[in-house]
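See below for the structure under consideration.
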2 protein chains.
Amino acid sequence: MGITKTDHFTNKQNQIATLAKAIGHPARVAIIDYLLKVDSCICGDIVNELPLAQATVSQHLKELKNAGLIKGNIEGNAICYCIDEKALSKLQSYFEHISKHLINKKSKCC
Amino acid sequence: MGITKTDHFTNKQNQIATLAKAIGHPARVAIIDYLLKVDSCICGDIVNELPLAQATVSQHLKELKNAGLIKGNIEGNAICYCIDEKALSKLQSYFEHISKHLINKKSKCC
DNA sequence: ATTGTATATCGTAATATTGCTATAAACTAA
DNA sequence: TTAGTTTATAGCAATATTACGATATACAAT
């Protein structure tokens, strides 16, 4: 069917999945990397950084924005994109939680 | 086209994307949650936990396995799945790295 | 007003994902 | 052997994603 049964899972599970899915493409990882690298939140030269057409980059930016991972401010002609800390700290604490959990029960199996 | 241009991105970027993509579905988040919850790495009653058909669960497990997030050991009749710490620590350190980076340059924009 | 620059959106094609039923494979137990 | 249990795979339909060129929108500068 290709349609995800989101309503059968918890909010938390859907939230994490949505965020992870948004990061689940190398172009979008590259965008995040770039936004981290440039110290001010540089605008649309992301297109020049990536080996993709402008339309494709715009689409990827939209997905990152929809997932809440980045924010965009209109700045005159261009747009200023930057990382949304809240979303990333959500992911960070999720994986930290898992890692801590794993340390406690090391080598019980597999 | 629907085909990802992986060869234009770095190994690291592709690696993170692959791992994140595997987590990018609520059923797979639920599987990870379950593997964390049950203390021993319980086998195939994951199917009973999820609101999905057995074949679908098997498919999700396969994807998690392909991405390296879980391991599976044959145990007589059943299979013993459990989380692969290495993959998760990779993700954890990635997001930790980002979070640290963000603290340093707080509120420069947006 | 016209031209240039920066982004977004539309439409389209190729491919991937999700989910199911049905079936196979591999082992256990009677 | 036969039957039951557990997991994987094949095949299929519906939907989603990725990527592009073409075009639209919005502002800036001349």
Side-chain angles (χ1 to χ4, degrees), chain A residues 1-9 13-14 17-31 34-35 38 41-67 69-82 110, chain B residues 1-9 13-14 17-31 34-35 41-67 70-82 110:
Chain A
M1 288 177 185
I3 192 164
T4 297
K5 292 181 154 183
T6 49
D7 45 319
H8 290 90
F9 301 99
Q13 283 164 349
N14 281 310
T18 301
L19 290 174
K21 191 176 183 180
I23 301 182
H25 191 290
R28 296 196 286 268
V29 176
I31 289 172
Y34 185 68
L35 288 176
V38 293
C41 64
I42 284 299
C43 320
D45 35 18
I46 299 172
V47 174
N48 297 321
E49 279 287 309
L50 298 192
L52 295 170
Q54 180 267 324
T56 309
V57 173
S58 182
Q59 210 173 271
H60 282 305
L61 285 167
K62 193 180 172 187
E63 270 169 78
L64 285 170
K65 207 173 169 185
N66 282 344
L69 279 161
I70 63 174
K71 298 179 278 187
N73 273 15
I74 296 169
E75 201 127 303
N77 196 358
I79 289 187
C80 167
Y81 279 114
C82 62
C110 295
Chain B
M1 289 178 184
I3 192 163
T4 297
K5 292 179 154 184
T6 49
D7 45 319
H8 289 91
F9 301 99
Q13 283 164 350
N14 282 309
T18 300
L19 291 173
K21 191 176 183 180
I23 303 182
H25 191 289
R28 296 196 286 267
V29 176
I31 288 173
Y34 185 69
L35 287 176
C41 62
I42 283 300
C43 319
D45 35 18
I46 300 172
V47 174
N48 298 321
E49 278 289 309
L50 298 193
L52 295 170
Q54 179 267 324
T56 309
V57 173
S58 181
Q59 208 173 274
H60 282 304
L61 285 167
K62 194 180 173 186
E63 269 170 78
L64 285 170
K65 207 174 170 185
N66 282 343
I70 64 174
K71 298 179 278 188
N73 273 15
I74 296 169
E75 201 126 301
N77 197 0
I79 289 187
C80 166
Y81 277 113
C82 63
C110 294

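Treat the numbers as computed from the prediction; the structure is a model and nothing was measured. Letters A, B, ... mirror the listed sequences (proteins, then strands); counts begin at 1.
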Using a 4.0 Å heavy-atom cut-off, does [X] contact any base of the nucleic acid, only the sugar-phosphate backbone, or nothing at all?
X	answer
A/Ala78	sugar-phosphate
B/Gln54	base
A/Lys21	sugar-phosphate
A/Ala55	base

Is the shortest side-chain heavy-atom distance between [X] and [Y] below 4.5 Å?
X	Y	answer
A/His60	A/Leu52	yes
B/Ile23	B/Leu19	no
A/Leu35	A/Ile46	yes

Compare side-chain N and O positions of [X] against OP1 and OP2 of [N] and report whether any pair is under 4.0 Å apart.
X	N	value
B/Ser58	D/dA8	yes
B/Thr56	C/dT18	no
B/Tyr81	D/dT6	no

(message) Using only modelled atom types and a 3.5 angstrom limit, is any donor from either the side chain of B/Asn77 or the base of C/dT28 paired with an acceptor on the other?
(response)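 Check fails, no donor-acceptor contact within cut-off.
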
Q. So does B/Gln59 reach the base of D/dA8 with its side chain, donor to acceptor, closer than 3.5 Å?
A.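 Checked by distance alone, the answer is no.
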
Atom [atom1] of [X] and atom [atom2] of [N]: how far apart are they, to the nearest Å?
X	N	atom1	atom2	answer
B/Lys71	D/dT7	NZ	C1'	20 Å
B/Leu61	D/dT6	CG	P	15 Å
B/Ile74	C/dT28	CD1	C1'	15 Å
A/Ile79	D/dA26	CD1	P	12 Å
B/His25	C/dA16	NE2	P	18 Å
A/Asn73	C/dA6	CG	C1'	16 Å
B/Asp45	D/dT6	CG	P	9 Å
B/Lys62	D/dA10	NZ	P	7 Å

- Query: Using 30° and 60° as the class limits, which term best fits the ring planes of B/His25 and A/Phe9: parallel, tilted or perpendicular?
  - Reply: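 Plane angle over 60°, so perpendicular.
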
**Message:** Ignoring hydrogens, what is the shortest heavy-atom contact between A/Asp45 and A/Tyr34? Give both atom names and the distance.
**Reply:**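 In this case the closest contact between A/Asp45 and A/Tyr34 is OD1-OH, 3.7 Å.
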
> Choosing from C/dA8, D/dT18, C/dG19, which nucleotide comes nearest the side chain of B/His60?
Replying inline: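 For B/His60, the side-chain atoms sit closest to C/dG19.
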
